[in-house]
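This report concerns only the one structure given below.
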2 protein chains.
Amino acid sequence: MRPMKHPLPTDIVLERVLYALSDPVRLDIVRRLDHLGEASCTALDCGRPKSTMSHHFRVLRDAGLIRTENDGATHINSLRRAEMDQLFPGLLTAILQAGRDGEGGSR
Amino acid sequence: MRPMKHPLPTDIVLERVLYALSDPVRLDIVRRLDHLGEASCTALDCGRPKSTMSHHFRVLRDAGLIRTENDGATHINSLRRAEMDQLFPGLLTAILQAGRDGEGGSR
DNA sequence: TCCATAGTTCGATATTTATCGAAATTACGC
DNA sequence: GCGTAATTTCGATAAATATCGAACTATGGA
C-alpha cells in the first residue's frame, strides 16, 4: 500500500489548520490522539461510518495536523506535534488545553 | 441604534472561534485589530464590498472574538482579548504570533 | 485460495458559507 | 427635514463541506 500524502512543513498553512480543528469530530480526534499518542482509525470512530471518519482523517492529514502510517492492514495516526510546535508555537497546546477547566470544572 | 448582540463568555465555543479565524479575510481583520487596538469597518475593508465585510464582522462577533460598539454612525471594532485570554489562554497569542517568523522570514 | 478486517474512494444529497449588488437603517450636520 | 456617510439586511448564486452507503483495495491469515 503506497504511503499517504502529507504536506511538507512549508506547505502547512495556519488557516487550514484552524479550519480542520473547527469541527467537533476532528477536534475530538486530535484531543484523543494527544491523549493516546497514536491510534488506528477504527479506534477513534464514535459509531460513525468509516467513510465519514476517513474524510475527517483526510482533512486533518491534508492540513498537516496528523501523520498516517500504515502498519499492515491498519493505519496508525499520530499528531505531527513537532512540526506544529515549530510552525505555530503554543497553538496546539492552547487548543488542547482549552476547556480543561472553567467550562464546567467544579461542582 | 440598538447595540449589537455579543455572546456571553459562557456561550463562546472554541470550535466557532477556530472556524471564524480559518478565513484569510477574517484572520487579517483580527490581526489588524490586534495591531490597531480598534478600528471602524471601513478602515478594515480591503477594497471588498461593505456587505462582504459586514458578513465577516458578524462571524467574528458571533464567535465572540470581537466587540462592536457604535460611536455615532460608525462602528468601532475591537478584540475581546480579555475574554479570549481567560477562556482560551494562549490561543490568540499563538495565532497572532504565527507566521511572524519562519514562514518567509530570512532571505 | 477464500475470507474477514481496515480503510479509501466514489457518488449523491443536504447544509453551510462566501461574495456581491441593491435596498433599507441610523446618525450627523446643515 | 435633507443629503451624505457608515453599515446592516436581503436575496441570489456559486462554491465548499459533511454525511453516508456501496463498491473497491490491500493485508493477514485459516
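By convention in this document, chain letters (A, B, ...) are assigned in the order of the sequence lines, proteins followed by strands, and residues within each chain are numbered from 1. No hydrogens, no waters, no symmetry mates; every other heavy atom, side chains included, goes into these values.
Using a 4.5 Å heavy-atom cutoff, the side chains of A:H6 and A:T68 are in contact. Under the 4.5 Å side-chain criterion, counting only non-hydrogen atoms from C-beta, A:V17 is not in contact with A:L92.
Taken together through direct or relayed side-chain contacts under 4.5 Å among Ile, Leu, Val, Met, Phe, Trp and Tyr, B:L96 and B:L44 form part of one hydrophobic cluster.
Note: OH (B:Y19) to P (D:dA16) measures 13 Å, nearest angstrom. Atom C1' of nucleotide C:dT26 and atom CG of B:N70 are separated by 9 Å, given to the nearest angstrom. Taking atom CE on A:M53 and atom C1' on D:dA18, their separation rounds to 13 Å, with Å as the unit. At whole-Å resolution of the value, CZ in B:R48 and C1' in C:dT17 are 16 Å apart. Between the CG atom of A:L60 and the P atom of D:dT17 there is a distance of 13 Å, given to the nearest Å. Between the CD1 atom of B:I76 and the C1' atom of D:dA5 there is a distance of 14 Å, rounded to whole Å. In this structure, A:R58 places its CZ atom 9 Å from P of C:dC10, rounding to the nearest Å. At whole-Å resolution of the value, CD in A:E15 and P in C:dA18 are 13 Å apart.
Listed pair A:H56 / D:dT19 meets the phosphate criterion, a side-chain N or O lying under 4.0 Å from OP1 or OP2. Applying the 4.0 Å criterion to OP1 and OP2 of D:dA6, one finds that B:H75 has every side-chain N and O outside that range. Proximity of A:R61 to the phosphate of C:dT8: a side-chain N or O atom is located under 4.0 Å from OP1 or OP2.
Each of A:K50 and B:T74 was assigned the nucleotide of DNA chain D with the nearest heavy atom; the assignment lying further toward the 5' end belongs to B:T74. Ranked by how close their nearest DNA chain D nucleotide is to the 5' end, B:T52 and A:V59 are led by B:T52.
The structure places CG of B:D28 at 9.5 Å from CG of B:L33, a figure rounded to the nearest 0.5 Å.
The listed nucleotides are D:dT19, C:dA18, D:dT7; the one nearest the side chain of A:H55 is D:dT19. Nearest nucleotide to the A:S51 side chain, out of C:dC20, C:dC10, C:dA6: C:dC10.
Considering all non-hydrogen atoms of both residues, A:A94 and B:G90 come closest at CB-C, 3.7 Å.
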